[in-house]
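We name chains A, B, ... by the order of the sequence lines, and we start the count at 1 in each one.
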Amino acid sequence: MSEEKKPLNFIEHIIEEDLKDGLDANDLRFRFPPEPNGYLHIGHTKAIGISFGLGEKYKAPVNLRFDDTNPAKEEQEYVDAIKEDISWLGYKWAEERYSSDYFQQLYDWAIVLIKDGKAYVDSQSSEAMAEQKGTPTQPGVNGPHRSRSVEENLELFERMKNGEFNEGAHILRAKIDMQHPNMLMRDPLIYRILKKHHHRTGNDWCIYPMYDWTHGESDYIEHISHSLCSLEFKPHRELYDWFLDQVVDTDKLRPKQREFARLNLSYTIMSKRKLLKLVEEGVVSGWDDPRMPTISGLRRRGYTPTSIKKFVETVGVAKRENSIDVSLLEFCIREDLNKSAPRVMAVLNPLKLVITNYDADKEEWLEAENNQEDESAGFRKVPFSNEIYIEKEDFKEEASDNFFRLKLGGEVRLKNAYIIKAESVVKDANGEITEVHCTYTEDTTKKVKGTLHWVSIQHSVTAEVREYDRLFNDEAPDSHQDKDFMEFINPESLKIIEAFVEPSLADAEIGQQFQFQRLGYFNVDKASKSGVLVFNKTVGLKDSWAKQKPKTETNQQKPQQKRLPIELIKQYGKKYDRLPDDKREEAKKDIQELAKHIAYDDLEPLFNTSVKKSGTRIITMISLGVLLANGVVKNEAINAFIAKALEDKNKLLVEEASAL
RNA sequence: UGGCCUAUGGUGUAACUGGCAACACGUCGGUUUUUGGUACCGAAGAGUCUAGGUUCGAGCCCUAGUAGGCCAACCA
């Protein structure tokens with residue numbers, strides 16, 4: 001076994017370390033803990049891929065645990081959808097669990113906490129408690145109920161549980177430290193009163209545990225070794241550990257929370273709340289609209305589990321904020337479908353073509369290869385006749401040599417058929433071409449540059465084709481503090497086309513995937529019925545021809561993170577003295593421009609730059625020159641800096657210094 | 001007036017206890033091709049946010065700064 005070592009991500013490093021430190025590999029166990037309050041999206045796929053992926057790698061069990069502690073937002077519909085999506089991705093969970101399974105245990109532990117003087121009942125308004133909590137920059141203060149006796153706390157908590165109070169009247173909170181620098185440690189809530197029906201426990205409870213109290217203890221109950229979540233839970237880790245400290249038996253496995261950066265995809269949003277808004281406001285047809293970044297949307301669009309897993313794998317796992325280009329997702333689906341999708345011919349934007357030397361009443365069934373990437377895919381027959389459709393874009397009356405398609409007097413190959421030559425065109429009153437007249441030859445061995453797809457008109461089947469574009473026009477629609485994400489909705493994200501497809505597609509079944517040759521990958525939508533074909537365009541083929549033409553679509557500039565001029569100048573310093581002459585000249589001009597926007601106080605610290613970093617000293621000198629020219633008066637520090645530079649070995653530095 | 005996290009080509013991730021910054025996508029060029037697809041070959045592109053320090057040697061360790069993110073829900 002030649003094990004090419006795949007580099008480990010930081011979580012795998014942690015696990016390897018734990019294993020080395022004596023953790024039994026059999027004790028490895030993970031969990032994926034969705035809240036059933038919405039559909040899973042591509043962002044969740046990363047979390048799923050991490051935990052289930054680790055399970056596969058270490059042959060460890062992975063639980064699916066629904067974090068269902070808030071009956072106000074959670075529903076069975078979401079539980080079902082989540083299970084379907086995870087299964088569809090091809091993952092198998094060891095056990096299906098619910099946080100609500102542990103409500104009794106959590107309650108019992110809460111009693112222990114109260115008895116230990118580690119928790120108390122507070123009876124103030126949420127506003128009053130928020131007030132006492134302080135702010136991130138200001139410590140909190142103790143509230144009036146903090147010193148209630150254990151007996152009183154026990155009694156009140158019991159009565160909370162029995163439903164004797166209204167929602168909001170009391171809460172149970174941990175007694176930690178109201179001055180703690182971590183806000184989450186300032187006596188966090190453990191239980192609140194919620195007189196709501198729960199999708200699993202019905203009306204058994206009218207108090208419900210909070211996330212922090214529930215999550216770590218649930219991990220402990222399930223013997224989870226590594227509890228992986230996204231970065232925003234980092235501050236919760238301290239509390240996670242505190243709660244664990246209160247109940248953990250030291251010879252039992254203690255779960256560990258570790259955090260990774262969540263996935264962000266360009267031109268889309270990942271917030272469940274915002275996705276729900278798109279659904280509710282009818283911007284999309286539902287959670288599974290093919291434009292949605294949900295797993296169900298991607299599935300309906302034609303994405304495969306393989307492609308999504310590959311995507312998550314390539315994206316990697318780390319701790320820094322990221323934004324992944326959709327083109328990577330598209331690459332992954334093309335790569336997968338290229339190997340498996342049968343090729344067929346379909347014309348989306350038809351132009352009639354008449355072959356004048358082919359008998360009008362003749363038809364031939366020609367052999368066509370289903371997939372040249374897959375020998376086992378075999379062949380099929382496609383009908384040919386004297387009248388066919390080709391794409392409008394595939395014909396021009398005249399065009400330059402790099403237009404490989406059909407032009408008057410030019411020859412082109414018809415895929416799976418003959419070579420034709422365009423002889424003349426027929427136009428309507430507006431000058432629009434309505435027909436192209438061609439002649440054909442049966443000699444198919446000739447070399448011609450272009451190959452076109454086509455469909456015999458009399459044999460063609462009509463189909464509805466839904467072409468999608470990105471749902472938002474902005475790269476990061478929900479990142480603007482002054483604008484709502486709804487303002488960026490792309491009004492042209494869905495285009496419905498009447499297309500003509502080859503007859504072999506007539507009985508294509510829902511979910512089947514094809515490559516429409518030269519166009520892209522398409523699948524049969526669930527709206528398809530016998531006799532009424534509906535296709536979704538999953539993704540187009542890579543099109544290096546379209547790129548050559550001046551695109552009307554303005555290439556959106558990446559909003560480069562703005563850096564301060566002084567920082568940019570410093571960066572030049574790193575390599576300035578090593579640049580070739582011409583580039584150095586450019587750099588110098590750039591520096592001089594940038595230097596107009598810096599203050600003397602920004603520059604002065606650089607005077608102390610060590611002798612060996614001459615590049616930095618030179619750029620400092622150049623900038624200084626600009627400042628002096630703009631009226632900064634020479635002081636002692638400046639004079640010393642220049643004097644020292646004049647003695648330097650570096651010619652460039654001396655040159656710049658003597659100029660001052 | 002705080003705490004925590006992060007900083008490596010355009011994007012995303014690597015670089016095992018410090019040792020010539022690598023891979024994928026994207027970009028550009030070429031070969032093959034009955035898909036301007038695929039496959040294959042090649043190229044450009046970062047000297048690792050800045051400064052200082054430790055070291056023979058720093059992307060990695062230390063210090064300070066800068067930038068970005070997270071933290072004040074009876075949400076998860």
Exercise for the section: Take the angle between the ring planes of Y208(A) and H198(A) and call it parallel below 30°, perpendicular above 60°, tilted in between. Expected result: parallel
Exercise for the section: Identify whether any heavy atom of N416(A) sits under 4.0 Å from a base atom; if not, whether one sits that close to sugar-phosphate; answer base, sugar-phosphate or nothing. Expected result: base
Problem - Among rG36(B), rA76(B), rG2(B), the nucleotide that comes nearest once only the side chain of E35(A) is considered - result: rA76(B)
Practice task
Answer with yes or no whether the side chains of N37(A) and E35(A) bring together a donor and an acceptor at under 3.5 Å.
Solution key: yes
Exercise for the section: Go through rU38(B), rC74(B), rA72(B) for me and flag the one nearest to the M183(A) side chain. Expected result: rA72(B)
Handout entry: Any S266(A) side-chain N or O less than 4.0 Å from OP1/OP2 of rU11(B)
Key = no
Exercise for the section: Indicate, with a heavy-atom threshold strictly under 4.0 Å, whether R343(A) touches base, sugar-phosphate, or nothing. Expected result: base
Practice task
Quick one: stems involving RNA chain B, counted as three or more successive Watson-Crick or G-U pairs, both distances short of 3.5 Å.
Solution key: B:2-7 with B:66-71, B:10-13 with B:22-25, B:27-31 with B:39-43, B:49-53 with B:61-65
Practice task
Between rG42(B) and rU6(B), how far apart are the P atoms? Round to whole Å, please.
Solution key: 38 Å
Practice task
Report yes if a donor N or O on one partner sits less than 3.5 Å from an acceptor N or O on the other, where the partners are the side chain of E373(A) and the base of rG37(B); otherwise report no.
Solution key: yes
Exercise for the section: Select base, sugar-phosphate, or nothing to describe what H236(A) touches, counting heavy atoms under 4.0 Å on all strands. Expected result: base
Handout entry: Whole-Å C1' distance, rA46(B) and rA7(B)
Key = 14 Å
Handout entry: Sugar-phosphate, base or nothing in reach of L328(A), heavy atoms under 4.0 Å
Key = sugar-phosphate
Practice task
For V317(A), report the nucleic acid contact type (base, sugar-phosphate, nothing); a contact means any heavy atom under 4.0 Å.
Solution key: sugar-phosphate
Exercise for the section: Name the nucleic acid region contacted by Q138(A), choosing base, sugar-phosphate or nothing; use a 4.0 angstrom heavy-atom cut-off, strictly under. Expected result: nothing
Practice task
Using the P atom as the reference point in each nucleotide, state the distance between rC60(B) and rU50(B) in Å, no decimals.
Solution key: 11 Å
Problem - Matching residue for D187(A) among R173(A), K175(A), R146(A) - test: side chain to side chain donor-acceptor pair (under 3.5 Å) - result: R146(A)
Practice task
Compare side-chain N and O positions of H13(A) against OP1 and OP2 of rA15(B) and report whether any pair is under 4.0 Å apart.
Solution key: yes
Exercise for the section: Indicate, with a heavy-atom threshold strictly under 4.0 Å, whether T69(A) touches base, sugar-phosphate, or nothing. Expected result: sugar-phosphate
Practice task
Just compare rG12(B), rA72(B), rG36(B) and give me whichever is closest to any side-chain atom of T135(A).
Solution key: rA72(B)
Problem - Ring-face cation contact, F403(A) with K396(A), 6.0 Å cut, 45° max - result: yes
Handout entry: Cationic N near anionic O, under 4.0 Å, K310(A) to E335(A)
Key = yes
Practice task
Establish, from distance only, whether the side-chain atoms of D219(A) and Y240(A) form a donor-acceptor pair under 3.5 Å.
Solution key: yes
Practice task
For nucleotides rU54(B) and rA67(B), find the distance between their C1' atoms and express it as a whole number of Å.
Solution key: 26 Å
Practice task
Would you classify E335(A) as touching base, sugar-phosphate or nothing, given that sugar-phosphate means primed atoms plus P, OP1 and OP2, and contacts are heavy atoms under 4.0 Å?
Solution key: nothing
Handout entry: P-based separation of rG59(B) from rA21(B) [nearest Å]
Key = 9 Å
Exercise for the section: May I ask you to decide if the ring planes of F516(A) and F522(A) are parallel, tilted or perpendicular, using 30° and 60° as cut-offs? Expected result: parallel
Exercise for the section: Have a look at K415(A) and say if it touches a base, only the backbone sugar-phosphate, or nothing, with a 4.0 Å heavy-atom cut-off. Expected result: base
Completion exercise
Per the glycosidic torsion and the 90° limit around 0, nucleotide rG47(B) is syn
Exercise for the section: Ignoring backbone atoms, establish whether K319(A) has a side-chain N or O less than 4.0 Å from OP1 or OP2 of rC5(B). Expected result: no
Practice task
Have a look at Q124(A) and say if it touches a base, only the backbone sugar-phosphate, or nothing, with a 4.0 Å heavy-atom cut-off.
Solution key: base
Practice task
Please report, rounded to the nearest Å, how far the P atom of rC70(B) is from the OH atom of Y240(A).
Solution key: 23 Å
Problem - Between rA76(B) (C1') and I82(A) (CD1): distance, integer Å - result: 12 Å
Practice task
Can you figure out which of rG37(B), rC5(B), rC74(B) approaches the side chain of K234(A) most closely?
Solution key: rC5(B)
Exercise for the section: In whole angstrom, give me the gap between the P atoms of rU27(B) and rU38(B). Expected result: 10 Å
Practice task
In whole angstrom, give the distance that lies between atom CG of N9(A) and atom P of rA15(B).
Solution key: 9 Å
Completion exercise
For L265(A) and I42(A) the tightest heavy-atom approach is CD1-CG2, 4.1 Å
Exercise for the section: Spell out yes or no: do the side chain of E369(A) and the base of rU34(B) have one donor N/O and one acceptor N/O closer than 3.5 Å? Expected result: no
Exercise for the section: Anything under 30° is parallel, anything over 60° is perpendicular, the rest tilted; go ahead and classify Y107(A) against F157(A). Expected result: parallel
Problem - Sugar-phosphate, base or nothing in reach of Y418(A), heavy atoms under 4.0 Å - result: nothing
Exercise for the section: For Y208(A), report the nucleic acid contact type (base, sugar-phosphate, nothing); a contact means any heavy atom under 4.0 Å. Expected result: nothing
Practice task
Determine the Euclidean distance between corresponding P atoms of rU48(B) and rU33(B); express it in Å to zero decimal places.
Solution key: 45 Å
Practice task
Classify the side chain of R334(A) versus the base of rG37(B) as yes if they form a donor-acceptor pair under 3.5 Å and no if they do not.
Solution key: no
Completion exercise
With the side chain defined as heavy atoms from C-beta on, R192(A) is closest, among rC71(B), rU35(B), rC75(B), to rC75(B)
Exercise for the section: Pick base, sugar-phosphate or nothing for L231(A), based on heavy-atom distances below 4.0 Å to the nucleic acid. Expected result: nothing
Handout entry: Among rU35(B), rA76(B), rC74(B), the one nearest Q517(A) by side-chain distance
Key = rU35(B)
Handout entry: Closest heavy-atom pair and its distance - I419(A), E411(A)
Key = CG2-OE2, 4.1 Å
Completion exercise
Closest to the side chain of K542(A), out of rU27(B), rC5(B), rC74(B), is rU27(B)
Practice task
Would you indicate what E321(A) reaches in the nucleic acid, counting non-hydrogen atoms under 4.0 angstrom: base, sugar-phosphate, or nothing?
Solution key: sugar-phosphate
